[in-house]
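Working notes, structure below.
Chain letters run A, B, ... following the sequence lines, proteins first and then strands; every chain starts at 1.
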Amino acid sequence: MTAVMSTKTRFAPSPTGYLHVGGARTALFSWLHARKHGGKYVLRIEDTDLQRSTAESINAILEAMTWLGLDYDEGPFYQTKRFDRYNEVIDELLEKGLAYRCNCSRERLDELREGQMQRKEKPRYDGHCRGQFVPDDAPHVIRFRNPPEGSVIIDDQVRGKIVFQNDELDDLIIRRTDGSPTYNLTVVVDDLDMGITDVIRGDDHVNNTPRQVNILQALGKTPPRYAHVPMILGDDGSRLSKRHGAVSVMEYRNQGILPEALLNYLVRLGWSHGDEELFTLDQMVELFDIADVNKAASAFNTEKLLWINQHYIKKADPTHLARLLSPHLGELGIDPAGGPDLVEVVRAQQERAQTLIEMAEISEFFYRDYETFEEKAAKKYLRAVALEPLRMMRERLAGIDDWAGETLHQAVIDVSESLELKMGKVAQPLRVAVVGRAASPGIDVTLELVGKDASLRRIDRALDYIHARMEENAT
RNA sequence: GCUCCCUUCGUCUAGUGGUUAGGACACUGGCCUCUCACGCCGGUAACAGGGGUUCGAAUCCCCUAGGGAGCACCA
């Protein structure tokens with residue numbers, strides 16, 4: 001009886017740092033593939049490198065996954081807890097003569113490699129210990145006996161057919177001198193034990209694939225399907241690194257990027273569906289197909305990310321956004337509780353910010369008086385001609401008890417009309433007076449949210465400023 | 001050096017033998033307008049190069065150039 005194997009993918013980061021955007025995209029693709037096929041998504045921590053793996057990295061990766069909302073059905077599994085199982089497999093290979101002990105010294109290996117390099121050959125192990133008897137009570141490693149001839153054909157879901165000749169491969173170490181198993185062995189065992197049907201990973205792993213397939217075949221197992229996704233480059237087309245700005249997923253959160261925006265941006269890097277640019281997670285699940293992923297690497301473009309982020313800010317629920325915005329205001333030393341309703345502020349600014357940081361910055365004036373006028377704005381609008389309109393506005397506003405947008409809007413209209421001025425001639429100086437700079441939401445909303453007391457106080461300040469300036473010019 | 005792979009506007013991409021080579025970001029002209037932003041209308045801009053195959057190539061084949069990944073007792 002043959003059971004139909006349901007789809008199962010995994011994301012298998014090694015905890016040697018934070019989760020970067022390339023890894024996040026691979027995780028997203030794996031997650032989408034599993035969800036699309038109604039399968040399972042597994043998280044596995046590949047921490048067999050005891051030197052480089054850290055608990056901080058594990059936490060950072062889990063936190064990033066949670067923030068992105070890429071929930072896993074199984075795991076996280078830790079390879080360090082599965083050493084017994086790996087040894088069991090290695091011993092099996094050893095017994096069957098599919099692996100052998102090797103006690104070549106590092107010196108010999110180094111010399112071998114050096115000589116090969118000099119002769120412009122591909123550096124690889126020469127099989128020195130293959131037929132030798134190597135005692136098991138002295139230090140040694142275990143090597144996998146790679147098939148000497150024939151070829152391995154991989155039908156990659158992204159790359160298509162890739163062929164490797166076995167004579168290009170060497171006998172790789174599967175157990176170190178200290179007894180710990182190595183990567184190529186552990187992935188094979190884990191993917192097998194965990195029932196992974198689709199291995200979706202970065203294309204830096206393509207060259208490992210034939211070795212893994214050979215181990216799998218030695219164990220008499222059928223390899224999973226593979227899909228190697230291309231890497232992500234920096235803005236300038238070179239390998240993505242810190243100098244390109246943020247590469248860590250959590251850094252994007254800190255910069256005020258919404259997770260749905262980052263996910264949407266990432267899914268469009270190397271994948272598309274006609275002319276569509278915007279996808280909800282549900283749409284991605286429905287439309288994504290690993291076979292549609294491009295083979296070529298793509299460059300990360302922050303400006304497009306910002307555009308997508310603005311899109312999601314625009315359509316986000318204001319209450320939800322307010323919660324996300326709060327900490328960013330906190331960064332500026334602002335406690336939203338001490339001012340206008342944050343949700344209303346969000347509504348007023350929603351179309352004006354590309355990131356939450358930007359939204360916090362342009363909302364500062366709602367919560368506290370500006371320190372100084374923005375120089376250009378003051379120079380342009382706080383001048384003698386604005387004196388009368390401002391005075392009149394001040395007088396009119398002082399008499400308003402019903403401090404609401406509609407009333408305030410009417411007040412600006414009335415003052416404009418009575419002075420026979422265009423609305424801009426009144427509203428702009430008023431805006432600079434109240435917010436300290438030349439840009440803000442509509443003047444009525446702005447006044448309403450700033451509040452009566454603060455508005456009048458700031459208008460007085462602007463009037464003083466104009467007077468001072470006039471005196472200065474007079475002398 | 002060897003192995004594997006990639007190449008459409010500046011960037012992300014659509015395109016699977018016949019298209020004025022489409023869309024998006026960015027840039028830019030205009031409209032809207034109390035500012036900014038949003039929105040709307042328009043513009044600049046690409047098939048790496050060279051050979052084939054074909055009536056016809058961005059699409060198929062070969063070569064060249066450029067780029068990437070891997071070649072550890074890392075993953």
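Protein atom CZ of Arg143(A) is 10 Å distant from nucleotide atom P of A72(B), rounded to whole Å. Between Tyr381(A) atom OH and C36(B) atom C1' there is a gap of 10 Å when expressed in whole angstrom units. Put simply, CG on Leu169(A) is 13 Å from C1' on C2(B), counting in whole angstrom units. The interatomic distance linking Gln349(A) (CD) with U35(B) (P) rounds to 16 Å, in whole Å. Atom CH2 in Trp271(A) sits about 17 Å away from atom P in C12(B), given to the nearest Å. Spacing between atom CG of Leu305(A) and atom P of A26(B) amounts to 12 Å, rounded to whole angstrom units. Atom CG of Leu269(A) is separated from atom C1' of C25(B) by 12 Å (rounded to the nearest Å). Remark: P of A75(B) and CD of Gln79(A) are 8 Å apart, rounded to the nearest angstrom.
Of the side-chain N and O atoms in Arg113(A), one or more sit less than 4.0 angstrom from OP1 or OP2 of A72(B). For the pair Lys295(A) and U7(B), the criterion of a side-chain N or O lying under 4.0 Å from OP1 or OP2 is not met. OP1 and OP2 of U35(B) both lie 4.0 Å or more from every side-chain N or O belonging to Ser440(A). The shortest distance between the side-chain N/O atoms of Ser416(A) and the OP1/OP2 oxygens of C34(B) is not below 4.0 Å. For Thr16(A) and A75(B), the shortest distance from a side-chain N or O to OP1 or OP2 is not below 4.0 Å.
Only the P atoms considered, A21(B) is 22 Å distant from C25(B), to the nearest whole Å. With P as the reference atom, G29(B) and C36(B) are 14 Å apart, rounded to whole Å. G10(B) and C5(B) are spaced 25 Å apart, taking the C1' atom of each and rounding to whole Å. Spacing of P atoms, C40(B) relative to A26(B), comes out at 13 Å, to the nearest Å. Taking atom C1' on both U19(B) and G50(B), the two are 25 Å apart, rounded to the nearest angstrom. Nucleotides G23(B) and A46(B) have their C1' atoms positioned 14 Å apart, rounded to a whole Å. Comparing the C1' positions of U53(B) and C62(B) gives a spacing of 11 Å, expressed to the nearest Å. Rounded to the nearest Å, the gap between the P atom of C60(B) and that of G15(B) is 13 Å.
Evaluation of atom-type donor-acceptor distances gives no pair under 3.5 Å for the side chain of Thr182(A) against the base of C73(B). Remark: the Glu277(A) side chain and the G23(B) base include a donor-acceptor N/O pair separated by less than 3.5 Å. At a cut-off of 3.5 angstrom, counting only N and O atoms as typed in the model, there is no donor on one side facing an acceptor on the other between the side-chain of Arg124(A) and the base of C71(B).
Distance alone, capped at 3.5 Å, places no donor-acceptor pair between the Arg394(A) side chain and the Ser455(A) backbone. The main-chain N or O of Trp403(A) is never found under 3.5 Å from a side-chain atom of Glu448(A) such that the two would form a donor-acceptor pair.
Asn146(A) and Asp170(A) share no side-chain donor-acceptor pair at under 3.5 Å. Side-chain atoms of Asn184(A) and Thr182(A) include no donor-acceptor pair closer than 3.5 Å.
A cation-pi arrangement, defined by a distance under 6.0 Å to the six-membered ring centre and an angle within 45 degrees of its axis, is present between Arg461(A) and Phe373(A).
Considering only the side chain of Arg268(A), G23(B) comes nearest among G23(B), C25(B), C73(B).
When each of Thr48(A) and Tyr265(A) is assigned the nucleotide of RNA chain B bearing its nearest heavy atom, the one mapping closer to the 5' terminus is Tyr265(A). Each of Asp47(A) and Ala438(A) was matched to the nucleotide of RNA chain B holding its nearest heavy atom; the match closer to the 5' end belongs to Ala438(A).
Each of Arg130(A), His128(A), Arg145(A), Arg143(A) was compared with Asp171(A) under the side chain to side chain donor-acceptor pair (under 3.5 Å) criterion, and only Arg130(A) meets it.
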What's touching nucleotides 67-70 of chain B from the protein side, N or O pairs under 3.5 Å?
residue	atom	partner	partner atom	Å
A69(B)	OP1	Arg239(A)	NH1	3.1
G70(B)	O4'	Asn207(A)	ND2	3.4

Could you run down the sub-3.5 Å N/O contacts of the protein with nucleotides 20-22 of chain B?
residue	atom	partner	partner atom	Å
G22(B)	N2	Asp275(A)	OD1	3.1

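Remark: aromatic rings of Phe288(A) and Phe279(A) are distant, center separation not under 6.0 Å.
Interatomic distance, CG of Leu306(A) versus OH of Tyr265(A), reported as 10.0 Å (0.5 Å rounding).
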